[in-house]
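Values below: all heavy atoms of this structure, side chains included; hydrogens, waters and symmetry mates excluded.
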Number of protein chains: 2
Amino acid sequence: MAARPRLKDVAEYAGVSPKTVSNVINDFEHVSEQTRAAVREAIDALGYRVNIAGRQLRQGRTGMITLVVPELDVAYFSELAKHVMAEADRRGRTVLLHQTGAVRQRELAALRGFDTQFSDGLILSPLALLPHDLATRDRRLPVVLLGERSVEGSTDHVGIDNTRAARDATEHLLARGRRRIAVIGGAVRGRQGTDRLRTDGYREALKAAGLPFDAGLVVPVEAYHWQDGARAATALMERATPPDALLCLNDHMALGALRALHELGRSVPDDLDVVGFDDIEASRFSVPSLTTVAPDKQEIARAAVSLLLERIDDPDGGPLQDHVAGHQVIVRESSGG
Amino acid sequence: MAARPRLKDVAEYAGVSPKTVSNVINDFEHVSEQTRAAVREAIDALGYRVNIAGRQLRQGRTGMITLVVPELDVAYFSELAKHVMAEADRRGRTVLLHQTGAVRQRELAALRGFDTQFSDGLILSPLALLPHDLATRDRRLPVVLLGERSVEGSTDHVGIDNTRAARDATEHLLARGRRRIAVIGGAVRGRQGTDRLRTDGYREALKAAGLPFDAGLVVPVEAYHWQDGARAATALMERATPPDALLCLNDHMALGALRALHELGRSVPDDLDVVGFDDIEASRFSVPSLTTVAPDKQEIARAAVSLLLERIDDPDGGPLQDHVAGHQVIVRESSGG
DNA sequence: ACAGGTGTTTACATCGATGTAAATCTCATG
DNA sequence: CATGAGATTTACATCGATGTAAACACCTGT
């Protein structure tokens, strides 16, 4: 096989001009049926595929969008990625995946379009990004933000009602009679992200139940990984008055906590309850299975892709949108379900 | 801010020709220190970033490679992705991630370079690909195959010694006195992938121990997911003479099996042993923790990136390579560790 | 002062596709 | 049969960067 065929080769083969071939490819309306058929045939015969670099150079579009997440080995993100790809597929787009390792520099680089040049737009799930970063971003690259809403009025946004979700989960534990509920991964003073919102929701639930807030029960962690949950749970249980429930701000930490509690000989949910966030697949299969707050990942993916495509088609179209996706508390064995 | 600056803008700002700027960017050696400094300053002043589409159009290279995996929510792949990205980073390349959903058409599309045009080469972990597909691939796109080696002499390849690995795992179970070892996800007649190799290894171990092979203990599954493991384990335990050990060909299935056994009231490892493959993070935290065959993911990633970059730099360089990465059986609670 | 060499810089064409605008064709109407 | 509206097709320039090859600068030795 020779070199990859170009548009020009197709044109010669079909006996028309290159531009006509381009018109066929792009479904331009004024092309005769006859010509269209001839071009199609030539395309098939030569196995022609449009060169995206050439196209992008000319028209600045690639038909691809990029999903930027902190870490794909955090199951929530890989599950979300699956939904986003499915939705993009339905809309005729291709998704490129980019992971930043939760490194601010990399999130910035994505925003600046360094590693993301082939993309018409970004769906970005930030972890380390500062509000200021978003303000200074390149406005020519449409961005939809997931999760926390860093800066009002800067980009479209999709997320769940984090405060409400944490409140729901806390109320579930309170309804079961739990009174000393620890928050693993909770926000200390100064934090601004979803951890802050969720911690607020936890406090709201306590207040509504007339219970005092004990800052000592809010345990910040380094990252939202298995071992962080295990470590925090162990430390909590070694206290003089250990908690009777653990509200973990993601499932990985909750599963790590379950393991730690097992090693300490505590029984879940007999001795204490454990609740997570995200509803990753592992949570259905753990022993005990994990009660968790399930964000509607499909809704999030659909809304994010929709908003992004709208923004790409019309960068100045309408006001910024903020889509609040649904969530629900799924009660499983770890809290008596 | 106006439109994105081009090479030409930098050239004008620095008072040199565009080509000189290009020379600076690409570290061409014959550029005077003075000119180089002036150009660097202009680049900084304008915030110039090279346009990869333009570059690719001209020189056919992007400096990016693509990792194509079946499903990122299979933890083995997301963990591998992390290693590949780290290694690529070390080598100054950017990795694009592409998931196929284990759909053959998508794997083919990747091989044909449809969704992968921005890539100088592919690291492909196939699931549904047929040997014939590889033979008809576009030879201009360097490819390194992971996992099974579909077709001899077609691409470079990196993987572990699957037969040996399964044999090691089986021998571990035999050494613990297990005699009825089931293989979940094992290969039936006609299959060719890693499942075949691993099933062969299992048989070798039985043979070496002088034990008969019972085809009824090899249970094929639809996919390598949690629920497949749970379902297969349940079915096996309902038999008249249930197995005394489960060799699951990945960790997800093994964890699903652990859950199913818990529901059936069987104790692991007292009643029976469970062993997995892949050593995903969840396996360290399950209850009981999971004995598993750990492939050296870092070695796999390094070898794959190295081989690919060599092939990109010199497409006709030397014979095809086949790197066999290390593995080890990590004994945890699920088999008495 | 000049040929010849090394080192530095530049003009120009080109990669592949498509927007613009003009050329050409078709057909109904007067 | 001429005319014009509309449909179809095409020539040409262009997006941004870089390979080629030639031009230019500077230095050495005679």
Side-chain angles (χ1 to χ4, degrees), chain A residues 2-40 42-43 46-64 113-114 116-120 138 140-141, chain B residues 2-40 42-43 46-64 113-114 116-120 138 140-141:
Chain A
R4 178 173 172 162
R6 297 154 303 163
L7 194 93
K8 199 175 135 201
D9 302 320
V10 176
E12 279 165 13
Y13 187 102
V16 298
S17 77
K19 176 64 190 177
T20 297
V21 176
S22 171
N23 285 339
V24 171
I25 291 171
N26 294 288
D27 285 321
F28 180 64
E29 58 180 337
H30 299 306
V31 178
S32 71
E33 262 325 307
Q34 199 181 353
T35 307
R36 195 181 296 272
V39 170
R40 291 249 164 82
I43 288 175
L46 299 178
Y48 172 77
R49 292 278 172 213
V50 58
N51 178 318
I52 306 187
R55 169 180 287 175
Q56 181 181 25
L57 193 55
R58 180 65 237 217
Q59 65 176 14
R61 291 276 181 89
T62 63
M64 310 190 145
F114 184 58
T116 30
Q117 286 194 39
F118 292 125
S119 219
D120 297 339
D138 182 343
R140 288 180 304 271
L141 183 68
Chain B
R4 178 173 173 161
R6 297 155 300 163
L7 193 88
K8 199 175 136 200
D9 302 320
V10 176
E12 279 166 14
Y13 188 102
V16 298
S17 78
K19 175 64 186 173
T20 297
V21 177
S22 171
N23 285 340
V24 171
I25 292 171
N26 294 288
D27 285 323
F28 180 63
E29 58 181 337
H30 297 308
V31 179
S32 70
E33 261 326 306
Q34 199 182 354
T35 308
R36 195 181 295 271
V39 170
R40 290 247 163 82
I43 288 175
L46 300 178
Y48 172 77
R49 292 276 173 214
V50 59
N51 178 317
I52 306 187
R55 169 180 286 175
Q56 182 182 24
L57 193 54
R58 180 64 237 216
Q59 64 177 14
R61 290 276 181 89
T62 63
M64 309 189 147
F114 184 57
T116 30
Q117 287 194 38
F118 292 124
S119 212
D120 297 339
D138 182 344
R140 287 179 306 272
L141 183 68

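For B/Ser17, no side-chain nitrogen or oxygen approaches OP1 or OP2 of C/dT9 to under 4.0 Å. Phosphate contact (OP1/OP2 of D/dT9, side-chain N/O of A/Ser32, threshold under 4.0 Å): present.
Note that the two end axes of the helix from C/dA1-D/dT30 to C/dG30-D/dC1 enclose an angle of 60°, each drawn from 5 base pairs, rounded to 10 degrees.
Within the 4.5 Å cutoff, no side-chain heavy atoms of B/Tyr48 are placed close to those of B/Asp9. Residues A/Leu46 and A/Tyr13 form a side-chain contact, since some pair of their non-hydrogen atoms from C-beta on lies under 4.5 Å apart.
Across all non-hydrogen atoms, the minimal contact from A/Leu57 to B/Ala53 is N-CB, 4.5 Å. Counting all heavy atoms, side chain and backbone alike, A/Ser119 lies closest to A/Leu141 at O-CD1, 3.9 Å.
Computed from coordinates, the A/His30 NE2 to C/dG19 P distance equals 15 Å when rounded to whole Å. Nucleotide C/dG19 holds its P atom 13 Å from the CG atom of A/Asp27, rounded to whole Å. Note: CZ (A/Arg36) to P (D/dA7) measures 14 Å, nearest angstrom.
Remark: B/Arg36 CZ to B/Thr20 OG1 distance equals 11.0 Å, nearest 0.5 Å. Atom CD of residue B/Gln117 and atom CD of residue A/Gln56 lie 11.0 Å apart, to the nearest 0.5 angstrom.
Exactly one residue among A/Asn51, A/Ile43, A/Ile25 makes a side-chain contact (heavy atoms from CB on, under 4.5 Å) with A/Leu7. That residue is A/Ile25.
Judged by distance alone, the side chain of A/Arg49 and the main-chain N or O of A/Arg4 form no donor-acceptor pair under 3.5 Å.
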Polar atoms only, N or O, under 3.5 Å: list the protein pairs with nucleotides 14-18 of chain C and their distances.
residue, atom, partner, partner atom, Å
C/dT14, O2, B/Arg58, NH1, 2.8
C/dC15, O2, B/Arg58, N, 3.4
C/dG16, OP2, A/Arg6, NH1, 3.4
C/dG16, N2, A/Gly54, O, 3.1
C/dA17, OP1, A/Tyr48, OH, 2.3
C/dA17, OP1, A/Asn51, N, 2.9
C/dA17, OP2, A/Leu7, N, 2.4
C/dA17, OP2, A/Tyr48, OH, 3.4
C/dT18, OP1, A/Asn26, ND2, 3.4
C/dT18, OP1, A/Arg55, NE, 2.8
C/dT18, OP1, A/Arg55, NH2, 3.2
C/dT18, OP2, A/Ser22, OG, 2.9
C/dT18, OP2, A/Asn26, ND2, 3.3
C/dT18, O2, A/Arg58, NH1, 3.2

